[in-house]
Amino acid sequence: MNDELLARIDAYVEGLFVEGDPVLSAALEDSKNAGLPEIQISPNQGKLLRLLAELSGARRILEIGTLGGYSGIHFARALPDDGTLVSLELDERHAEVARKNFERAGIYEKVEIRVGDAKETLRGMVEHGEERFDLVFIDAEKEGYLTYLDLSLELSRPGTLIIADNVIRGGSVLEEGDNMGNFNEMFASHDRLDGIILPLLREGVDGVAIARVRW
Ligand SMILES: C[S@@+](CC[C@H](N)C(=O)[O-])C[C@H]1O[C@@H](n2cnc3c(N)ncnc32)[C@H](O)[C@@H]1O
């Protein structure tokens, strides 16, 4: 299948299931104008993540990699009024854009952005006995995924949903020794996880890893 056909199928699904949303469009526009990289999740993924968060009944969501807050808006919308999204971001410039986008989306009170290297932030959260999360979304630098998985598990309870983005990467995971391939093997064989990878289309093929924490 060529990339153009993949993009058309993705647009077809989007046309069926994703309504135009001025708040999300403005968030993307402002992120672009502020010079942020356009590496956020796709609209179809946003729909998927919101559905998963709603289905899991999540009240506390942890996101690793905020960028301009596009995925964060989807998660925050899935939360009940007293729910919380803790979103971790390395770059203060990204966090600043995200804060404004959360404010415009009317979900600012539910969101806490913590700026710094997420590995350090997560270690601090574990040390300080942070309340466990119901859903974790891993979407920061890909080299950190194995560490993020370990630390996320320390902040999880039985039943927590762990989701990791970009785990197929155009099929590069099929190469021996690929970094994300190593992550996928760990994710698949971990005795605390029961999961699957869902391949997703965009301009190419990518995918999300999804697992329920067993214990
Ligand atoms: C793919 S983007 C996140 C996209 C966002 N989840 C969305 O879909 O709207 C990855 C983000 O992770 C941040 N990041 C990279 N390394 C990080 C680190 N060590 N700690 C925290 N955030 C990091 C980047 O600055 C970037 O904003």
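Atoms within each ligand, like the ligands themselves, are counted from 1 in listed order.
With sequence neighbours left out, the salt bridge (charged side-chain N to carboxylate O under 4.0 Å, His left out) criterion links R99 to E92, E96.
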Identify all pairs of nitrogen or oxygen atoms, one from ligand 1 and one from the protein, separated by less than 3.5 Å, and list them with distances.
residue  : atom   : partner : partner atom : Å
ligand 1 : 6 (N)  : G65     : O            : 2.8
ligand 1 : 6 (N)  : S71     : OG           : 2.9
ligand 1 : 6 (N)  : D139    : OD2          : 2.8
ligand 1 : 8 (O)  : I41     : N            : 2.9
ligand 1 : 8 (O)  : S71     : OG           : 3.3
ligand 1 : 9 (O)  : S71     : N            : 3.1
ligand 1 : 9 (O)  : S71     : OG           : 3.3
ligand 1 : 16 (N) : E141    : OE1          : 3.2
ligand 1 : 19 (N) : D117    : OD1          : 3.0
ligand 1 : 19 (N) : E141    : OE1          : 3.4
ligand 1 : 19 (N) : E141    : OE2          : 3.4
ligand 1 : 19 (N) : Y148    : OH           : 3.3
ligand 1 : 20 (N) : A118    : N            : 2.8
ligand 1 : 22 (N) : L90     : N            : 3.0
ligand 1 : 25 (O) : E89     : OE2          : 2.6
ligand 1 : 25 (O) : H94     : ND1          : 3.3
ligand 1 : 27 (O) : L67     : N            : 3.4
ligand 1 : 27 (O) : E89     : OE1          : 2.7
ligand 1 : 27 (O) : E89     : OE2          : 3.2
ligand 1 : 27 (O) : H94     : ND1          : 2.9

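Listed by first and then second residue, the salt bridge (charged side-chain N to carboxylate O under 4.0 Å, His left out) pairs involving residues 20-45 are D21-R77, D30-R104 (not counting sequence neighbours). Sorted by first then second residue, the salt bridge (charged side-chain N to carboxylate O under 4.0 Å, His left out) pairs that include residues 106-122, not counting sequence neighbours, are E112-R114, R114-E130, D117-K119, K119-E141, E120-R123.
For the residue pair D165 and Q45, a side-chain donor N or O sits within less than 3.5 Å of a side-chain acceptor on the partner.
Ring geometry, Y70 versus H74: the interplanar angle exceeds 60°, so the pair is classed perpendicular (tilted spans 30 to 60°).
No side-chain heavy atom of V213 sits under 4.5 Å from any side-chain heavy atom of L161.
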